[in-house]
2 protein chains.
Amino acid sequence: MTAPGWTNDMAAFAPGSVPRYEAVKQFIRSRIESGEWPANHRIPSENDIVADLGVSRMTANRALRELASEGAITRVQGVGSFVAAHKGSTALLEVRNIADEIRERGHRHTSRLTLLEEEPASPEIGDALGVPTGARVFHSIMVHCEDEVPIQIEDRFVNPTVCPSYMAQDFSAITPNAYLTLVAPITRTEQIVEAVSPKPWECKLLAIGRNEPCLMIRRRTWSETASVTTARLLYPGTRYRLEGVSQ
Amino acid sequence: MTAPGWTNDMAAFAPGSVPRYEAVKQFIRSRIESGEWPANHRIPSENDIVADLGVSRMTANRALRELASEGAITRVQGVGSFVAAHKGSTALLEVRNIADEIRERGHRHTSRLTLLEEEPASPEIGDALGVPTGARVFHSIMVHCEDEVPIQIEDRFVNPTVCPSYMAQDFSAITPNAYLTLVAPITRTEQIVEAVSPKPWECKLLAIGRNEPCLMIRRRTWSETASVTTARLLYPGTRYRLEGVSQ
DNA sequence: GAGTGGTCTAGACCACGCA
DNA sequence: GCGTGGTCTAGACCACTCG
């Protein structure tokens, strides 16, 4: 279903140093990146590739399947394969567990529990946790330090239905994050990152000035269909940043 | 190389509704998640799976290969496959192209070019672009608006070796990001997200107050081995946030 | 019914790490 | 030399879409 002569350079597909499925992937990627095959353009079928590039169908299939899982193309059974509309230009940032992150930098992680209580859910919190307004929920506030310097305020609400044992934990031994992950494996995470001005009580806990900008991550996590916890993580802008590499 | 009897339930691996490679993946995943196979535990080899689960080696290979690409296991040629140490607890944030993002919200994207010139690289910029200090580099500053409201300052330096035609573009028609992606396909992106206080000239361009915190993304991108561009993207904290869902 | 992708097999050759 | 993963093939059956 492709115009004849869509390739006239097949040398790279002979057995050699680079795997043949990889050569096929590169061949298709280069057509997409050069603009020769624009978004939604139909890609040669597996059988076209078999015939034109001289590889087996399993090899063609692997190349297309991997391109699809990478988001470069979309495939529809019975129809064909097409250049994905979305394009690249998206990159990913990894958001990690604060305690692991500090330890991996070779520093010491300590934390201080500022509040641990059971309280009625506000409308916002009830909504975030999927419980009625006024229902009892657990609330903890901690400060995490890297080599004794405050680096994060963790203001967290927990759904007691999912984790009834939350209040009984020793959070100097295990972080709320780690404990909740043990009790209810995370299946979904929603995160929002913003720059905000800290409130006076937050400045005090973080030992920063009134006008110092902070990074705020609001995180909600689910286990299966149940909402487990919602947290506000506040970092001083001068002491913390998110880093990420995509390849 | 596995203790005999590591499975006594093979019914699920007969041809059926769920693909056999998927059944094999689930089988292994469940052993890992239950803790039966802890971190670094050796996983049955492809040949073990062929013998014990009654699938072909290609099917066993696909199951293990996909588990490896998902990060659940690690594989070493000539040695074996092992449960990955890493574990979950990391989540991802997607950082998108500003123009696409605005358009997908159904709003109008406009931009204004504030500066476009060739200048000698400072030590920092030279380092970021992989060119000597003092070498000529391209420098552009733009303001991106969503429905006429300023939402991002894009302060960008470009390596002229990789993209010599940069200065000749009409950036009201194509964003620098989109143009650079066309000219030099991105193979690597490094990003750093911080909360910062804006400088006076930035407040003016964004039409915000002096003490309003801003989200700053510093982004460097590579094409193959060449550093293409480095950019500072500055967003008013009240008008922009990064959102992401991981599943 | 023809074309598409989705899966699966049996067998093969190779590069690698280790004893 | 043996077991490991890495790749590749030729051929097969299936489910799906569309004319």
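First the proteins, then the strands, lettered A, B, ... as listed; each starts at 1. All values below were derived from every heavy atom in this structure, side-chain atoms included, with hydrogens, water molecules and symmetry-related copies excluded.
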Colleague: Check the distance between dG5(C)'s C1' and I49(A)'s CD1 and give it to me in whole angstrom.
Modeller: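 Taking CD1 of I49(A) and C1' of dG5(C), I get 12 Å after rounding.
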Colleague: Output the rounded distance in Å from CZ (R65(B)) to P (dT4(D)).
Modeller: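 Going from CZ in R65(B) over to P in dT4(D) covers 18 Å.
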Colleague: Tell me whether the OP1 or OP2 atom of dT4(C) has a side-chain N or O from S45(A) closer than 4.0 Å.
Modeller: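 Yes, S45(A) has a side-chain N/O under 4.0 Å of OP1/OP2 on dT4(C).
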Colleague: Could you check how far CG of D48(B) sits from C1' of dG3(D), rounded to whole Å?
Modeller: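 Value for this atom pair: 10 Å.
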Colleague: Tell me, please, which residues at least two apart from E101(B) pass side-chain contact (heavy atoms from CB on, under 4.5 Å).
Modeller: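 Only R96(B), R105(B), Y240(B) meet the side-chain contact (heavy atoms from CB on, under 4.5 Å) criterion with E101(B).
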Colleague: Is Y21(A) close enough to dC8(D) that one of its side-chain N or O atoms is under 4.0 Å from OP1 or OP2 there?
Modeller: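 So the side chain of Y21(A) is outside the cut-off, no N or O lying under 4.0 Å from OP1 or OP2 of dC8(D).
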Colleague: Does a side-chain N or O from R75(B) land closer than 4.0 Å to OP1 or OP2 of dT4(D), or not?
Modeller: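 Looking at the OP1 and OP2 atoms of dT4(D), neither is under 4.0 Å from any side-chain N or O of R75(B).
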Colleague: If I take atom CG in residue N61(A) and atom P in nucleotide dT9(D), what distance separates them, rounded to the nearest angstrom?
Modeller: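 So the two atoms are 13 Å apart, to the nearest Å.
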Colleague: Would E22(B) and R20(B) pass as an ion pair if we require N to O under 4.0 Å?
Modeller: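 The answer is no: the pair does not qualify as a salt bridge.
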Colleague: Look at the side-chain N and O atoms of S81(A) and state whether any lies under 4.0 Å from the OP1 or OP2 oxygen of dG5(C).
Modeller: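 Answer is yes, contact under 4.0 Å.
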Colleague: Salt bridge check, E154(B) against R232(B): does any charged N sit closer than 4.0 Å to a carboxylate O?
Modeller: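 No, this pair does not count.
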Colleague: Going by atom types alone, do N177(A) and T175(A) pair a side-chain donor with an acceptor below 3.5 Å?
Modeller: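 No.
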Colleague: With sequence neighbours left out, write down each residue that passes side-chain contact (heavy atoms from CB on, under 4.5 Å) with E70(B), or none if nothing qualifies.
Modeller: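 Expected list: K25(B), R29(B), E66(B), L67(B).
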Colleague: Tell me, for nucleotides 10-19 of chain D in 5' to 3' order, what letter each nucleotide earns: B for a base near a protein heavy atom under 4.0 Å, S for only sugar-phosphate near one, - for neither?
Modeller: B-BB-BBB--
Colleague: Before we go on, tell me: are the rings of F157(B) and Y166(B) under 6.0 Å apart, centre to centre?
Modeller: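 No: the rings miss the under 6.0 Å criterion.
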Colleague: Nearest-Å distance, CZ (F82(A)) to P (dT4(C))?
Modeller: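 Between P of dT4(C) and CZ of F82(A): 10 Å.
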Colleague: Among dT7(C), dT4(D), dT9(C), find the nucleotide with the atom closest to the side chain of T59(B).
Modeller: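 Given the options dT7(C), dT4(D), dT9(C), the side chain of T59(B) is closest to dT9(C).
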Colleague: Separation of L64(A) atom CG from dT4(C) atom C1', in whole Å?
Modeller: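 For the pair L64(A) CG and dT4(C) C1', the rounded distance is 11 Å.
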Colleague: Can you tell me if R62(A) touches the phosphate of dT7(D), counting only side-chain N or O atoms and a distance under 4.0 Å to OP1 or OP2?
Modeller: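 Yes, R62(A) has a side-chain N/O under 4.0 Å of OP1/OP2 on dT7(D).
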Colleague: Tell me: CD of E46(B) to C1' of dT4(D), nearest whole Å?
Modeller: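 Computing the E46(B):CD to dT4(D):C1' distance gives 8 Å.
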Colleague: Expressed in angstrom and rounded to an integer, what is the separation of L53(A) atom CG from dT7(D) atom C1'?
Modeller: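 Nearest whole value for this atom pair: 17 Å.
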Colleague: Closer than 4.0 angstrom, basic N to acidic O: yes or no for E46(A) and R75(A)?
Modeller: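 Salt bridge present between E46(A) and R75(A).
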